[in-house]
2 protein chains.
Amino acid sequence: MKLLLIEDDIDITNNLKLLLKENNYEFDNAYNITEGINKLSNNYDLIILDISLPDGNGFSFYKNHLLAKNIPVVFLTAKDDEDDIVNGLELGAEDYITKPFSSKELLARIKRILLKKEKNKIIEIEDIKFDLEKMKVTKNNKEVKLTSLELKILYLFFTNLNKVITRESIIENIWNWTGNDVNDNTVTVYLKRIREKLGDNIIITVKGIGYRVDYEK
Amino acid sequence: MKLLLIEDDIDITNNLKLLLKENNYEFDNAYNITEGINKLSNNYDLIILDISLPDGNGFSFYKNHLLAKNIPVVFLTAKDDEDDIVNGLELGAEDYITKPFSSKELLARIKRILLKKEKNKIIEIEDIKFDLEKMKVTKNNKEVKLTSLELKILYLFFTNLNKVITRESIIENIWNWTGNDVNDNTVTVYLKRIREKLGDNIIITVKGIGYRVDYEK
DNA sequence: TCTTTTTTGTCATTTAGATGTCACATATGT
DNA sequence: ACATATGTGACATCTAAATGACAAAAAAGA
């Protein structure tokens with residue numbers, strides 16, 4: 001698990017670095033927002049974010065860069081102003097901790113968040129298992145060879161379980177960013193191919209709307 | 001959203017009751033574990049749980065009765081012993097707050113938890129359940145197969161509960177954007193078909209005006 | 001390089017089921 | 001009772017999705 005701390009206080013940074021490395025997390029840090037933005041491409045599992053930073057405000061950084069990416073965030077700040085806490089949590093932060101904080105508590109709160117992610121790394125539906133990290137799919141524990149597009153489409157479903165996904169949305173996610181548009185029926189054909197490999201029942205057709213993969217936990 | 005507070009302190013109970021009712025949550029409380037167990041059948045959306053209770057320990061109550069049910073829990077306790085916090089969070093609690101606490105913060109933390117639940121919103125009216133994300137309807141927990149237009153019309157009602165929807169408004173929402181106009185009676189026929197599948201009582205006719213689906217929360 | 005295999009995107013066709021309208025029946029308010 | 005609004009069953013037509021087959025493009029092997 002890779003964590004990023006964005007915080008300008010050197011003492012706090014060093015303490016957390018020690019604490020988190022001790023607990024087998026990969027740790028990285030940034031002293032300001034600009035530096036933080038540059039590091040974002042490293043796909044962190046969680047970001048600990050100070051609110052008042054030398055070159056800007058943690059809240060707006062969160063809104064502009066993290067919210068859409070779906071990266072869990074813990075705000076960490078000296079401002080124990082109630083409204084700030086409310087603000088942070090309402091924005092969608094996973095947790096909010098005020099300085100001075102207990103290392104043990106911070107650690108416990110981080111663990112709580114990461115535990116959920118951990119659980120989702122391999123999703124199991126009926127006889128199908130999808131390992132999201134390895135990007136590997138098995139049926140009855142036997143690897144299923146999916147082509148790269150089939151895999152991407154299936155990934156879309158497995159990261160949006162229980163949600164209807166429209167044909168348009170699939171096109172947008174899989175093809176659009178490439179520029180060249182694709183026939184509407186193409187999606188249908190891909191769904192058919194995936195079903196051939198995984199069985200007919202895993203992807204549910206919602207007529208007139210789209211498709212869906214259900215996950216009953 | 002229905003909350004249950006299990007706490008033996010009467011002052012705290014009254015304060016929270018006020019706070020939460022003010023914020024449109026259904027509130028219920030128990031003064032001890034035995035009482036709490038008896039109330040569990042009410043299917044609460046979240047439980048706020050004190051740790052030291054007159055007839056037992058909150059942690060073991062959580063382990064024995066709540067963990068399997070998957071009800072989110074916020075521990076609320078005077079013991080701000082670090083180890084307790086770690087303990088609580090590691091058990092799987094959604095959050096942990098120590099007394100004395102700020103009402104605003106508690107509220108924000110509760111909201112964070114419930115917001116996630118909200119996302120897979122399922123509206124339940126009598127024996128009918130409509131899962132808005134899955135776009136799936138059940139009656140007595142058995143899936144009802146609706147056609148795409150039937151589903152869209154029903155969706156319109158379920159996202160406009162307690163409001164009369166005129167025939168024109170239905171046509172506008174379901175057909176108009178397609179360009180080709182549709183006979184007035186068509187709506188009636190669709191309503192009839194939906195009623196055939198879901199029962200006559202769910203969609204109420206408001207003579208001379210339109211139709212309505214009622215939701216008493 | 002050239003050859004072979006796999007992937008990709010598009011057709012045309014099939015199919016089950018959805019759709020829209022009619023003519024008539026029934027219910028409701030005054 | 002009357003007028004009007006709403007409900008109903010039957011019907012012809014239409015459509016979304018599934019499918020099998022194919023050529024172009026890309027990737028893998030030789």
Side-chain angles (χ1 to χ4, degrees), chain A residues 135-137 143-157 164-214, chain B residues 134-137 143-157 163-214:
Chain A
M135 285 300 273
K136 185 177 154 186
V137 179
E143 177 157 13
V144 178
K145 279 189 71 183
L146 294 168
T147 71
S148 104
L149 281 188
E150 287 163 6
L151 198 60
K152 279 180 195 160
I153 294 172
L154 198 66
Y155 183 84
L156 188 63
F157 280 103
V164 179
I165 302 178
T166 63
R167 218 178 288 279
E168 295 72 48
S169 159
I170 294 174
I171 293 180
E172 198 171 292
N173 268 281
I174 308 291
W175 284 279
N176 240 36
W177 61 273
T178 66
N180 48 325
D181 254 6
V182 95
N183 187 306
D184 192 65
N185 180 249
T186 303
V187 176
T188 318
V189 174
Y190 272 96
L191 267 292
K192 182 213 153 202
R193 285 172 182 159
I194 295 173
R195 281 169 169 164
E196 266 172 3
K197 294 180 180 178
L198 298 185
D200 282 348
N201 45 330
I202 191 102
I203 298 170
I204 297 156
T205 303
V206 186
K207 265 216 160 207
I209 304 179
Y211 299 88
R212 200 184 73 217
V213 171
D214 275 355
Chain B
K134 287 187 180 176
M135 288 299 275
K136 182 177 159 184
V137 179
E143 177 158 13
V144 178
K145 282 189 73 184
L146 294 169
T147 72
S148 115
L149 282 190
E150 288 162 6
L151 198 60
K152 282 175 190 160
I153 293 171
L154 197 67
Y155 183 85
L156 188 63
F157 280 102
K163 264 184 234 154
V164 179
I165 301 178
T166 63
R167 218 175 286 276
E168 296 70 49
S169 158
I170 293 175
I171 293 179
E172 200 170 290
N173 268 280
I174 308 292
W175 283 278
N176 240 34
W177 61 274
T178 66
N180 48 325
D181 254 7
V182 96
N183 187 307
D184 191 65
N185 179 248
T186 303
V187 175
T188 320
V189 174
Y190 272 96
L191 267 293
K192 181 217 152 198
R193 285 174 182 157
I194 295 173
R195 281 169 169 165
E196 264 173 5
K197 295 180 179 178
L198 297 186
D200 283 348
N201 45 329
I202 190 102
I203 298 170
I204 297 154
T205 303
V206 186
K207 260 220 158 202
I209 307 179
Y211 299 89
R212 201 184 70 220
V213 171
D214 276 354

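Every chain is numbered from 1, with letters handed out A, B, ... down the list of sequences. In this text, all values refer to a predicted model and were calculated from it rather than measured experimentally.
- For the pair A/Ile203 CD1 and D/dA17 P, the computed distance is 14 Å after rounding to whole Å.
- Remark: B/Thr188 engages B/Arg167 in a side-chain hydrogen bond (donor to acceptor under 3.5 Å, both in side chains) (not counting sequence neighbours).
- Here B/Asp214 pairs with B/Arg212 under the side-chain hydrogen bond (donor to acceptor under 3.5 Å, both in side chains) rule; sequence neighbours left out.
- For B/Ser148, the side chain to side chain contact (heavy atoms under 4.5 Å, CB included) partners are B/Lys152, not counting sequence neighbours.
- Between C/dT21, C/dG9, C/dT19, one nucleotide has an atom nearer to the side chain of B/Asn183 than all others, and that is C/dT21.
- Phosphate contact (OP1/OP2 of D/dA26, side-chain N/O of A/Ser148, threshold under 4.0 Å): absent.
- Counting only heavy atoms from C-beta outward, the side chains of B/Tyr211 and B/Ile204 never approach each other to under 4.5 Å.
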N/O contacts under 3.5 Å, protein versus nucleotides 25-30 of chain C?
{"from": "C/dT28", "atom 1": "O4'", "to": "B/Lys207", "atom 2": "NZ", "distance (Å)": "3.3"}

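- Within the 4.5 Å cutoff, no side-chain heavy atoms of A/Val164 are placed close to those of B/Lys136.
- Computed from coordinates, the A/Lys145 NZ to C/dT5 P distance equals 14 Å when rounded to whole Å.
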Using atom types as modelled, flag every donor-acceptor pair under 3.5 Å from a side chain in residues 195-202 of chain B to any protein atom, sequence neighbours excluded.
{"from": "B/Arg195", "atom 1": "NE", "to": "B/Ile203", "atom 2": "O", "distance (Å)": "3.4"}
{"from": "B/Arg195", "atom 1": "NH2", "to": "B/Ile203", "atom 2": "O", "distance (Å)": "2.9"}
{"from": "B/Arg195", "atom 1": "NH2", "to": "B/Thr205", "atom 2": "OG1", "distance (Å)": "2.6"}
{"from": "B/Glu196", "atom 1": "OE2", "to": "B/Lys192", "atom 2": "NZ", "distance (Å)": "3.2"}
{"from": "B/Lys197", "atom 1": "NZ", "to": "B/Lys145", "atom 2": "O", "distance (Å)": "2.9"}
{"from": "B/Lys197", "atom 1": "NZ", "to": "B/Glu150", "atom 2": "OE1", "distance (Å)": "2.8"}
{"from": "B/Asn201", "atom 1": "ND2", "to": "B/Glu126", "atom 2": "OE1", "distance (Å)": "2.7"}

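- Listed here is the closest heavy atom pair of B/Asn183 and B/Ile171: O-CD1, 4.4 Å.
- Regarding contacts with the backbone of C/dG20, a side-chain N or O of B/Trp175 is found under 4.0 angstrom from either OP1 or OP2.
- Between A/Thr147 and A/Leu151 the shortest side-chain heavy-atom distance does not fall below 4.5 Å.
- One atom, CD1 of A/Ile204, and another, P of D/dA18, lie 12 Å apart when rounded to the nearest Å.
- For the pair A/Tyr190 OH and C/dT10 P, the computed distance is 9 Å after rounding to whole Å.
- Applying the ring pair (Phe, Tyr, Trp, His ring centres under 6.0 Å) rule to A/Tyr190 yields the partners A/Trp175; only residues at least two apart in sequence or on another chain are considered.
- In this structure B/Arg193 satisfies the side-chain hydrogen bond (donor to acceptor under 3.5 Å, both in side chains) test with no other residue, sequence neighbours excluded.
- Relative to the axis of its first five pairs, the axis of the last five pairs of the helix from C/dT1-D/dA30 to C/dT30-D/dA1 sits at 40°, rounded to 10 degrees.
- Distance, A/Lys197 NZ to C/dT6 P: 11 Å, rounded to whole Å.
- Under the side-chain hydrogen bond (donor to acceptor under 3.5 Å, both in side chains) criterion, A/Lys207 pairs with no residue, sequence neighbours left out.
- Residue A/Ile209 contributes atom CD1, which lies 13 Å from atom P of C/dA18 at whole-angstrom precision.
- If you measure from atom NZ of B/Lys152 to atom P of C/dT19, you get 8 Å, rounded to the nearest angstrom.
- Between the CD1 atom of A/Ile194 and the CD1 atom of A/Ile153 there is a distance of 5.0 Å, given to the nearest 0.5 Å.
- The separation between A/Leu149 atom CG and C/dT10 atom C1' is 15 Å, rounded to whole Å.
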message = Protein within reach of the bases, or only the backbone? For nucleotides 7-14 of chain D, mark each nucleotide 5' to 3' as B, S or -, using heavy atoms under 4.0 Å.
response = BBBB----

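- A/Thr147 has a side-chain polar atom (N or O) that falls below the 4.0 Å cut-off from OP1 or OP2 of C/dT8.
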